[in-house]
Amino acid sequence: MNAVLEFADPNTLAQVVDVVCFAVGAWLGSWFPDIDRIAVLRLRHRSTVTHGCAGPALAIVAGHVAANEWAGWVAAGFAAGVGLHLAFDLFPGKWRGFALVDVPRLGRCTKTVSVAWLFANVFVCAGLAVWTVPALDTFSFVACVAVLGVLYFYGVFKKSEHFAAGPLLTLLSLGADAL
Ligand SMILES: [Zn+2]
């Protein structure tokens with residue numbers, strides 16, 4: 001069978017659509033936490049409202065309500081993307097000001113609480129992503145990891161002044177635990 005026919009195989013096409021849904025979710029998730037910068041939301045940057053697992057949990061509930069496999073892939077990607085964002089936020093240049101997470105009405109946390117909060121939420125997001133993904137065969141697994149790899153390198157590129165191995169090691173160890 002040649003490559004074109006193979007690609008037209010409904011199973012392969014369905015897998016590609018699944019991974020595209022995951023990629024869209026992961027891309028949205030990778031920038032979602034920073035919507036706390038939008039003034040109308042009245043949150044301070046690095047708010048625990050958006051820099052945590054609440055967004056992914058809502059996305060998963062919405063995916064469940066939609067009862068659609070594609071929505072499940074988007075939700076799983078979203079959780080993975082938020083986890084990726086939080087892993088980068090674990091490694092700021094300096095633990096000062098905006099680097100510290102902010103609890104609405106209570107104010108900014110200490111460095112220790114911020115690290116614990118972000119670390120715990122990367123772990124929960126990774127777990128939610130693995131738990132939500134509808135069915136993970138070898139192709140989808142490799143493709144989804146590749147999607148996250150691209151987003152990771154994009155993150156490294158964007159924050160080139162920061163220590164890039166930190167987020168990667170955190171994600172690899174937590175991702176392996178979650179699996
Ligand atoms: Zn952030």
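Counting starts at 1 for both ligands and their atoms, following the listed order.
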S.K.: Side-chain heavy atoms nearer than 4.5 Å, only ILVMFWY residues, links allowed to pass through others: does that put Ile35 and Leu118 together?
M.R.: yes

S.K.: So among Asp102, Val101, Leu100, Asp36, which one has a side chain to side chain contact (heavy atoms under 4.5 Å, CB included) with His45?
M.R.: Asp36

S.K.: Give me the protein N, O or S atoms that fall under 2.8 Å of the Zn ion (ligand 1), sorted by chain and residue number.
M.R.: Asp34 OD1, His51 NE2, His85 NE2, Asp89 OD2

S.K.: Do Phe139 and Val19 make a side-chain contact, defined as non-hydrogen atoms from C-beta onward lying under 4.5 Å apart?
M.R.: yes

S.K.: Pair His51, Asn121 - check side-chain hydrogen bond (donor to acceptor under 3.5 Å, both in side chains), show working.
M.R.: CA-CA 8 Å; His51 284 74; Asn121 280 281; over 6 Å; no

S.K.: Could you check whether atom CH2 of Trp95 has more than 12 heavy atoms from other residues, nucleotides or ligands sitting under 6.0 Å from it?
M.R.: yes

S.K.: Between Ile60 and Trp131, what is the shortest heavy-atom contact and its length?
M.R.: CG2-CZ3, 4.2 Å

